[in-house]
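Excluded from the calculations below are hydrogen atoms, water molecules and symmetry mates; all remaining heavy atoms, backbone and side chain alike, are included.
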Amino acid sequence: MKEYKYKINGNTYKVGVGDLNDNVVEVEVNGVPYKVEMEKAAATKVVSAPRAAAAPRTATGEKVIAKASGNAGTESIKAPLPGVVLSIPVKVGDTVKASDTVLVLEAMKMENAIHAGRDGRVASINVNSGDSVLEGAVLLTLE
């Protein structure tokens with residue numbers, strides 16, 4: 001039996017704890033024996049999630065960015081989370097690559113670079129620096 005001393009609300013208790021048998025443990029508090037029944041724990045299942053593979057890169061070490069096939073027309077770039085627009089380093093008419101930063105959004109005191117996602121030309125900018133945006137708000141469009 002393991003012995004412990006506890007102080008609760010200024011009172012000292014000498015507690016002895018025995019072994020656990022079928023969810024019942026014998027406990028002795030200041031010389032008085034008790035049988036304590038523990039709740040049966042629900043069965044837990046441990047699942048190991050597979051790790052994400054590293055992003056593919058070209059022979060020169062550049063990131064491989066999948067391009068949509070035949071993407072004629074416009075595409076909206078939406079806010080991935082609510083925040084405040086800090087800066088917009090592009091202008092209407094600028095040509096951008098998929099990995100270019102088109103907007104910087106502050107969320108939870110962190111600066112988040114929003115990338116174009118595909119090659120194109122900036123068709124419109126729907127926000128200004130300092131604007132608060134909600135998740136899913138259209139920030140700008142590419143054509």
| Under 4.5 Å between side-chain heavy atoms, hopping through other hydrophobics if needed: is there a path connecting I8 to V29? | yes
Quiz: residues 11-21 side-chain donor-acceptor pairs under 3.5 angstrom, not counting sequence neighbours:
none

| said: So, taking the atom named NZ in K78 and the one named CD1 in I114, what distance separates them when rounded to the nearest 0.5 Å? | reply: 13.5 Å
| query | Is N112 reaching over with its side chain to a backbone N or O of L105, donor-acceptor style, under 3.5 angstrom? | reply | yes
| query | Rounded to the nearest 0.5 Å, how far apart are CZ of R118 and OG of S99? | reply | 14.0 Å
| query | Got a second to check how far L103's CG is from H115's NE2, nearest 0.5 Å? | reply | 11.0 Å
| request: Please name the pair of heavy atoms, one in K109 and one in E106, separated by the smallest distance, quoted to 0.1 Å. | output: CA-OE2, 3.8 Å
| field | Working for side-chain contact (heavy atoms from CB on, under 4.5 Å), residues K35 and V25 | value | CA-CA 6 Å; K35 287 193 180 199; V25 67; over 6 Å; no
| Which heavy atom of M108 sits nearest a heavy atom of L81, and at what distance? | CE-CD1, 4.1 Å
For residues 122-131, please give each side-chain donor-acceptor pair under 3.5 Å, one per line with the distance, not counting sequence neighbours.
{"from": "S124", "atom 1": "OG", "to": "N126", "atom 2": "OD1", "distance (Å)": "3.4"}
{"from": "S124", "atom 1": "OG", "to": "T141", "atom 2": "OG1", "distance (Å)": "2.6"}
{"from": "D131", "atom 1": "OD2", "to": "N128", "atom 2": "N", "distance (Å)": "2.8"}

| note | Interatomic distance, NZ@K5 vs NZ@K7, rounded to 0.5 Å, equals 11.0 Å
| query | Any sub-3.5 Å donor-acceptor pair from N23's side-chain atoms to E37's backbone N or O? | reply | no
| From CA spacing to verdict: side-chain contact (heavy atoms from CB on, under 4.5 Å), L140, V138 | CA-CA 6 Å; L140 53 96; V138 176; over 6 Å; no
| task | Grab the two heavy atoms, one from V133 and one from A79, that are nearest each other, plus how far apart they are. | result | CG2-CB, 4.1 Å
| field | Minimum heavy-atom distance between A107 and P82, given as atom pair plus value | value | CB-O, 3.3 Å
| request: Could you pull out the closest heavy-atom pair between V96 and V90, with the gap in Å? | output: CG1-CG1, 3.9 Å
| query | What is the distance from atom CD of E26 to atom OH of Y34, rounded to the nearest 0.5 Å? | reply | 13.5 Å
